[in-house]
Structure formats: C-alpha cells, structure tokens
Amino acid sequence: MKDSTQDDTTPARVMDLLARMSLDQKLGQMLQPERLSVTPDDVRAHHFGSILSGGGSTPGENRPTDWVAMNDAYWAASMSDEEGRVPIPLLYGVDAIHGNANVLGATVFPHNIGLGAANDPDLLQRIAEATAKEILSTGVEWTFAPTLAVARDIRWGRTYESYSEDPALVASYAGRFVRGLQGDLGRDGVVACAKHWVGDGGTRDGFDQGETDIPERELVETHIAPYLPALAEGVLTVMASFNSWNGVKCHGHRYLLTDVLKAQLGFAGFVISDWDGVDYLDADYATAIAKAVNAGVDMLMVSVEWRACLEHLKRLVSDGTIPLTRIDDAVRRILLVKHRYGLFERPRPGKRYWSRHNVLGAPEHRAIAREAVRKSLVLLKNEGGVLPIDKGARILVAGRNADNRGHQCGGFTVAWQGASGNDFIHGGTSIWEGIREVAPQAELSVDGSAAEAGSHDVAIVVIGERPYAEGMGTCGGRRRRGRGQGRGGSTIG
Ligand code: GLC
C-alpha cells in the first residue's frame, strides 16, 4: 500500500502544518481525552486534537451557553501559539445519536430502531440536519453518528441503536444521514462518524463487545455494505468497534482498519477508537497502544489515562515499535479532516452562527420529531375495530411508562443510561400528556387500580422498560471497563 503520508491529494496546508509540528504536538493530536479529565491548560500543554463528552458528561447547568463557554475555553487553548506551538483548533465530540440529547431542552428523536420502522430516508436526512444545528448551538463540531450496526440478535443491548437487521435498509439511511449532518461542510454542518467498524451487531448471542464469528463474505454483505453509502457521501470519521471478528479485536485488526477500510474502500478521513477501546488489546497498556495504532487507529479516545498514553506513545515511537511514518499518516488524516471541515477558518465557538442563533428544541425540529414518532409506530393488530379510539370515550391509561418521558427517550438522553420521570426531559410529551390533550375524559391510573368496567370504555396499557445503554442492556451482558473511570452507570431520576 502506498505510504499515504506521501499522498499527493493532501493539500499543501496540511503537509506544511505536519512539517512544522513537533513530535509532542503530533502525538497530542492523536488523543481525545474526556472533558472531566482535562483542563484548557492541559490542552495548551499537550496539544490534544479533540475532547469528548461521554454520555451525560455535561458542563455547568447543561445549557447551550454552558457548552459554548466550555468549548470557547478549550478552543482558545488549542489555538495558543506560545513557545513555537503550532495553533491547531481542536474538535469537540459528543454522542448526538438521536438529537443532541445530552443537553437539557434538546429535540429528542426516536432511537434508530424506531426510525428503521419508518422506512423513510428523506426523514432521516431532515432529522440529521436538525440535529446538526442543535449540536452547533452548543459550540460542538462532531457527533459519533450514524450508528450503522446491523443488529442480528435482539438480545444485544444496543439493538435500539441499529436501524435494522436488514443491511439494505441501514444502507438506505447511511448516506442520507451523513449528508444531513455534514451538509456541504459549511455553516450548518458537523463532522459525522460512521460506527462501529465493523460487525458490532453480529456478535454471538448478541453479547455486547463480543465475538462476531462469520465468514468474510457475510461480514461484507451484512455489516460492511451499509458503510459504502456513508463513505461515498464523504463521512469524515469512522469509529472502531469493540467486538472481535473471528477472534481478533477490531481495534487491533490491521486488515479491517487499514487494508479494507483505508486501502480498498479509500477512506481518507481518520479512525477513532471507541471509549478506552485500545485497553482490551493487551494487558500491557503500551503493547495495546502499539497494536491499535499500527493496525490503523488514528485517534485514541482515552477517558482518563491520557498521561500514560502519551508517555507510552513517545517511547513506542522512539524505540521504533510505532514507525514515525504511521504517526505522520494518522496526524495527516486528522489535519485533513479539520481542513476539509473548514475548522481552521471557523471563529471561536462563541462567535459561530448557530452559537448565536440557538435553535435547541426549535418548534420546527420538534415537528420533525413528532413526524418521526408517528412514522415509527407499528400496528401489530386491530381486533374488533378497537382502533381508532373515540376521543370522547372514557379512556383509562395505565402502566408505569404511561407518564414517563425519560423512559420514552431511552439511553443516551441527558445521561448515558438515560433518565426516568419527566423532570429531565424538557419540551417533550409523555404518552399520557398527549392523550390528555385530546381526550377530555381520559384518566391516568399508573397501577391500573382505577380500572372499572362501569367507568371506562377502553384501556390503554403502556408497556416499556427503564432506559439503559450498551452492555447494561444486554441480556446477562456487562460493559467491561477500560483503565479509565467510566461514566455514571445508572439512569438518573
Ligand atoms: C461508547 C460507545 C460509543 C460512543 C463512545 C463515546 O462506549 O460504544 O458508541 O460513541 O463510547 O461515548
């Protein structure tokens, strides 16, 4: 494979920056710590290429102004030119996977499995366009979406993050969602991230981060196929997956990351690891880092242990375990993404258009969300003509999930594991609140004890589950932790 650092399609500006950067700056660009473990001074001193918010990791009062202020501080530190430092603006990344749902008051859209039931690619693009604006309203430039998992076993706790078990349906959404998020990479666009590469939805027994043991033909036709439209649309980043393919972890899989994704499919952006995903490659951290970077991971998402990671990287380069050409290729890719996104030309987050025209929770976005909810509904049967229900009927509404916006929204909403109750979901409507609006004789009885044949004509029983995310939702599964501390592991409220 041609050494891509000599890639003649790389803009001169990128190659010039690369030539002027110290090794420390190059290695810093390859790290993405979590916000709770770094200050702006750390960004200035260690040159991080990106910072992320893990699910539920929110600044201040979790309002757009708090987010913009936080991003202004990180951006300013990244642009320092003191002591010969080359100013390179950092990218801030979040999981805006069904709206910018970390943030209080954001428009929350149905999770992907519901959107799959809508079977409407145009809708997906409009959801992505609205989500991009609500991300930009917080001074953030990058979302780890779309998830292109093809969930093959519904026991997988992340099935709800998959559009479908059908790769064709996932593919029909992939390019449109990337187009909605990235647009023309101008004022209204954010950096998208196709994830998780590859085979996350195909693990044995649906175990989260498990073993995807399938022939290459099935991997290509089922799990790689949906990435093709996303790559054709120019998705700028791809996230490596926790699962293994035929016994080798994707984070350390040179064939999948470099030979297939970059060489064969021509992916010119950069690959980011998942949350401490490098840790699982080896008990020895330095060995794990070397395996991941040499396999083709370009940026390391390191929740807490970024100091150790930097030290190991320096030693691994100095002793030749990681060739400098691999470092230069990774940094070139990161700089190329920032260049293509126009990040060098954008003012500081607080000065950008959507930071000053906050559209978080805008009525037109909520209208798209309501349309998505309507289109995501699936009627299984309608015996005896029960539906439609007369709005004037004496309706009993029951169930612990009847008046619980948090449960309706699911995981990755305000908190990593989601929220319970109505207090944290601003601007949404619970099922009971919606019915009450149109049916004056409706009555709520959470435990159903008010049910009385003489008093009610029809009952609506709402069945649901407490929100969860990742391994917390897999049948019997647990989310393994890397070296770093993890996010709060519980549902709030
Ligand atoms: C998680 C998820 C990934 C998410 C990342 C950052 O572990 O696997 O989908 O984007 O961490 O929160």
Side-chain angles (χ1 to χ4, degrees), residues 1-23 25-32 47-52 78 86 88-93 141-142 144 178 182 185 190-198 227 230-240 250-274 277-278 289-302 309 313 316-317 322-344:
M1 182 185 82
K2 186 168 80 171
D3 178 341
S4 56
T5 52
Q6 311 309 320
D7 184 338
D8 51 14
T9 61
T10 302
R13 174 234 238 127
V14 169
M15 298 312 284
D16 168 62
L17 279 172
L18 191 62
R20 291 192 288 127
M21 290 166 74
S22 66
L23 178 59
Q25 272 214 272
K26 291 177 182 178
L27 299 182
Q29 274 302 303
M30 293 174 65
L31 257 64
Q32 182 195 58
H47 322 296
F48 300 123
S50 176
I51 291 176
L52 89 144
S78 72
V86 179
I88 297 172
L90 101 168
L91 275 172
Y92 198 94
E141 305 97 358
W142 182 16
F144 309 124
V178 169
Q182 295 190 164
L185 297 176
V190 295
V191 174
C193 180
K195 71 182 186 181
H196 311 79
W197 177 267
V198 65
Y227 282 80
L231 294 169
E233 196 61 45
V235 67
L236 289 171
T237 65
V238 170
M239 184 181 290
C250 291
H251 275 74
H253 212 299
R254 181 182 171 85
Y255 175 68
L256 291 178
L257 292 172
T258 298
D259 300 344
V260 174
L261 178 62
K262 294 178 179 178
Q264 288 175 25
L265 298 179
F267 175 59
F270 70 82
V271 172
I272 181 160
S273 80
D274 201 335
V278 166
I289 291 166
K291 283 181 179 176
V293 175
N294 284 333
V297 173
D298 302 304
M299 184 180 278
L300 308 174
M301 186 187 292
V302 181
C309 189
L313 275 171
L316 290 163
V317 172
I322 300 177
L324 185 57
T325 51
R326 174 72 269 274
I327 299 295
D328 283 348
D329 179 43
V331 178
R332 182 191 61 79
R333 287 172 175 271
I334 294 166
L335 295 176
L336 183 59
V337 165
K338 292 183 174 183
H339 169 73
R340 285 187 174 161
Y341 179 62
L343 194 60
F344 293 94

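This one's a predicted model, so the numbers in the text were calculated from it and none came from an experiment.
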### Task
Could you check if a side-chain atom of Pro11 sits within less than 4.5 angstrom of a side-chain atom of Leu336, using non-hydrogen atoms only?
yes
>> Keeping Lys262 on the side-chain end and Gly296 on the backbone end, is there a donor-acceptor pair under 3.5 Å?
In response: yes
Is any side-chain heavy atom of His196 closer than 4.5 Å to a side-chain heavy atom of Phe144? no
Q: Report yes or no: does Asn294 contribute a side-chain atom to a donor-acceptor pair with the main-chain N or O of Ala290 at less than 3.5 Å?
A: yes
Heavy atoms of Leu18 and Leu335 approach each other most closely as N-CD1, 4.1 Å
message = Quick check: do Ser22 and Val86 have side-chain heavy atoms less than 4.5 Å from each other?
response = no
Paired with Cys309, the side chain to side chain contact (heavy atoms under 4.5 Å, CB included) test is passed by just one of Ile289, Leu27, Val278, namely Ile289
*Would a distance-only check, ignoring hydrogens and angles, find a side-chain to backbone donor-acceptor pair under 3.5 Å from Glu141 to Leu343?*
no
Side chain to side chain contact (heavy atoms under 4.5 Å, CB included) with Phe267: of Val238, Leu257, Val260, only one passes, and it is Val238
Taken to the nearest 0.5 Å, the spacing of Cys193 SG from Leu91 CG works out to 11.0 Å
- Message: Side chains of Val198 and Leu261, heavy atoms from C-beta outward: is any pair under 4.5 Å?
- Response: no
Is it true that Arg326 and Asp298 make a salt bridge, defined as a side-chain N closer than 4.0 Å to a carboxylate O? yes
When every non-hydrogen atom of Thr10 is compared with those of Arg332, the smallest separation belongs to OG1-NH1, 2.8 Å
Between the CG atom in Leu256 and the CG atom in Leu265, the distance rounded to the nearest 0.5 Å is 10.5 Å
From the list Lys338, Arg333, His47, side-chain hydrogen bond (donor to acceptor under 3.5 Å, both in side chains) with Gln29 holds only for Lys338
Heavy-atom closest pair (Cys250 atom, Trp197 atom, distance to 0.1 Å) is CB-O, 3.6 Å
Taken to the nearest 0.5 Å, the spacing of Leu313 CG from Leu31 CG works out to 6.5 Å
Heavy-atom closest pair (Lys26 atom, Ile327 atom, distance to 0.1 Å) is CB-CG2, 4.1 Å
When every non-hydrogen atom of Ala230 is compared with those of Val178, the smallest separation belongs to CB-CG2, 4.0 Å
If only side-chain N and O atoms count, and only distance matters, is there a donor-acceptor pair under 3.5 Å linking Trp142 with Thr237?
yes
Flag side-chain contact, heavy atom, 4.5 Å: Val331 against Leu17: no
Q.
In the structure I gave you, are the side-chain heavy atoms of Phe270 and Leu236 within less than 4.5 Å of one another anywhere?
A. no
Q. Can you check whether Leu300 reaches Val293 side chain to side chain, under 4.5 Å on heavy atoms?
A. yes
Please check this pair: side chain of Gln32 against backbone of Ile272, looking for a donor-acceptor N/O pair closer than 3.5 Å.
no
Heavy atoms of Ala240 and Asp274 approach each other most closely as O-CB, 3.6 Å
